[in-house]
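The sequence lines fix the lettering, A, B, ..., with proteins before strands; numbering per chain opens at 1.
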There are 2 protein chains.
Amino acid sequence: MASSIHDLARHLNISIGTVSRALNGRADVNADTRQRVLEAARTLNYSPNQSGRSLRQGATHSIAFMLQPHPGDQQYGEPFFIPFLTGLQAKLAEHGLDLMVVMGEPGKYQQERLRRVVETRWVDAVVLANTRREDDRIDYLSKAGFPFATLGRSQSGDDSYPSLDIDFERAGAEAVDRLVARGHRRIAAIRPAHDLNFGYLFLDGYRKALQRHGIEIDPELIASGFISEAGGYEVTPQVMRSKDPPTAIIFNNDAMALGGCKALAEMGIRPGQDMAVIVIVDTPLCRYFSPALTAFRPALEPMGQRLAEMLLASLPAFGGPEGPRIIREVWPLELVARDSD
Amino acid sequence: MASSIHDLARHLNISIGTVSRALNGRADVNADTRQRVLEAARTLNYSPNQSGRSLRQGATHSIAFMLQPHPGDQQYGEPFFIPFLTGLQAKLAEHGLDLMVVMGEPGKYQQERLRRVVETRWVDAVVLANTRREDDRIDYLSKAGFPFATLGRSQSGDDSYPSLDIDFERAGAEAVDRLVARGHRRIAAIRPAHDLNFGYLFLDGYRKALQRHGIEIDPELIASGFISEAGGYEVTPQVMRSKDPPTAIIFNNDAMALGGCKALAEMGIRPGQDMAVIVIVDTPLCRYFSPALTAFRPALEPMGQRLAEMLLASLPAFGGPEGPRIIREVWPLELVARDSD
DNA sequence: CGTTTTTCCGTAAACGTTTACGAGAACACA
DNA sequence: TGTGTTCTCGTAAACGTTTACGGAAAAACG
């Protein structure tokens, strides 16, 4: 069915070696024959077989992004990643690399899938997201010497991989600053459980800012739960049970914020009026929620592009480890003031 | 770096042929040696190289889903597809197939990308979405004889490919029924432009239902625009300029509905109070918008699973065209009554 | 015109698998 | 014991590329 390089060579009455060289833009081929080869390739509808090509070259020219929906996330679904992926894909494409998103199964352990992708040499590098503080995926890739980059920081691995993260610490601190400036003293923080690193980072910023303002850190005002609407719904009442309940809540996650607002509403507390609410990572839902949620917004598409650059700079085939080693970057967020605080 | 089948064979002092047969579960290998091979494979951390494997077999055991963000969709990003992909991936994995999402560039013509994927034999089959009435991607795949399935109907191709769609006609009709039952007679319909097929299907149902109720179809109440918030914002005022303006609007798309509601608000018209609003395809945004938007919800994850089954049944390697040929299915939507109508 | 350089192309090996084929050994059967 | 069958494994070809190597022809040079 599909035409091979042999068909092309036979059709042109030249050797396959010449055809290959012509197509790959090598110098040692006559300009005239190159013309003819390219033309024939177009008419015969030839493109080199990916498997043959990568087998010979030992490179697939494609990068995997490991996407794993949170369990029970049936209706929600990570709108966060699409703009990021758009940027990532665009920049990779500039260098002739293809991006493929590898879907994991919601509940399952992603490690297994990652191993398959790596060991079977499907791709030349992988990009990870939702990094945890201790992340066995990172440890594995580090140890295996497989090229990768992460969206999000971690304490794992040998520290020599590119990573790009959002400045959750600063966002947490700025959220506190903003609320304090508006007269709040009892400020709660709600973050995802598990070991997701950004939850810790956020909390650090939150704590430091409170100290800076001379406000005591009350453990009763800090809670964590599943990173989902249900999680926010479940955990928000906890901080409200304090003897001296909060007048403001910072949510580290939009899904949890939505669930939290629902819980508040059921307690007769109106976000934006009776309770100030700030969300750390903005998504479309924050904008359309009522009241529209004040949130910190990352520049997702540029971040995707940047991480692609950083990954490329770490690949031997693209300038490699000799070039300038830009290992870690942390990007600021932009506050989008809305109606909830 | 990565161990090959030769390493394994050398380590066990047997031939690579036997190793391969042992790993692939063939019958003509001694139970004892198979044991040893499997064990060695585990300790040596061996997995067969994907490229070598597919080159030899002429099959990659992976399926591509072509995802293309709408242009300018920076913050929004198709939450629609994640649950669908989750279902698709789960069912494919049951049969040892891998799903990879191939990202297109937002504005660009997807055809080119598709051709590359197909011609380089990256995958064994593809799944398309956002089908158009005349869809050159489908024509291309049909003509090329490349296996594929579509989420959404089309008039293209040779009609022998599996497709699964939502019953937009019925949803359009039911939306009208519901509004008429609540006393509305002036009902507008807003759909995406381009040639997106579901826009036409929706409109058919809308028209038929109006006729059934003996309500005249007023072209002034029908409009189409870009499938985005901006599109809805831009086009909604058109139907409001009618001499006898609508008292209800059916949006064929959540993004357009959000833009439309914004436009209405700016005209001092409150959705849910001064204007009934129904959305055809529900997304999380509909639920969180204020007022919460009444919408029709598809069962995305089961749909993903089902389309995987249909695709598999059409693949020669999996029972193939001999088996029962389930070619087309149309699934109903479920009405989720909220506050906007 | 002889020599050296350059230009261009064909040959063949290699990448890591899978699999058709055949052969030796063990076994069953008469 | 001779013959046919079964079990197990090694050999080698093939999948479609890319690329190192070498050689013939053409060009450049003296």
Grab the CG-P distance between A:Asn30 and C:dT6 for me, whole Å please. 18 Å

List the residues meeting side chain to side chain donor-acceptor pair (under 3.5 Å) with B:Arg153, not counting sequence neighbours, and say none if there are none. B:Asp165

Ring centres under 6.0 Å, that's the criterion: do B:Phe146 and B:Tyr140 meet it? no

Should the pair B:Phe84 and B:Phe65 be assigned to parallel (<30°), tilted (30 to 60°) or perpendicular (>60°) ring geometry? tilted

Salt bridge flag under 4.0 Å for residues B:Arg306 and B:Glu309: yes

Which atom of A:Asp135 lies closest to which atom of A:Asn130, heavy atoms considered: OD2-O, 4.2 Å

Reading nucleotides 13-23 of chain C from the 5' end, what letters show protein touch, with B for base, S for backbone sugar-phosphate only, - for no heavy atom under 4.0 Å? BBBBBBBB---

Pairs under 3.5 Å (N/O, protein and nucleotides 4-6 of chain D):
none

May I ask you to establish whether B:Arg137 and B:Phe148 are in a cation-pi arrangement, using a distance under 6.0 Å from NZ or CZ to the six-membered ring centre and at most 45° from the ring axis? no

Inter-axis angle, terminal five-pair segments of the helix from C:dC1-D:dG30 to C:dA30-D:dT1 [nearest 10°]: 40°

Less than 4.0 angstrom from a charged side-chain N to a carboxylate O is my criterion; do A:Glu94 and A:Lys91 meet it? yes

Residues at least two apart in sequence or cross-chain that pass side chain to side chain donor-acceptor pair (under 3.5 Å) with A:Arg26, listed by chain then number, are none

Contacts of B:Ser154 that satisfy side chain to side chain donor-acceptor pair (under 3.5 Å) - sequence neighbours left out: none

State whether A:Asp159 and A:Arg328 are salt-bridged, where the test is any N-O pair (Lys NZ or Arg NE/NH1/NH2 against Asp/Glu carboxylate O) under 4.0 Å. yes

N/O (side chain, A:Thr33) to phosphate O (OP1/OP2, C:dC9) under 4.0 Å: yes

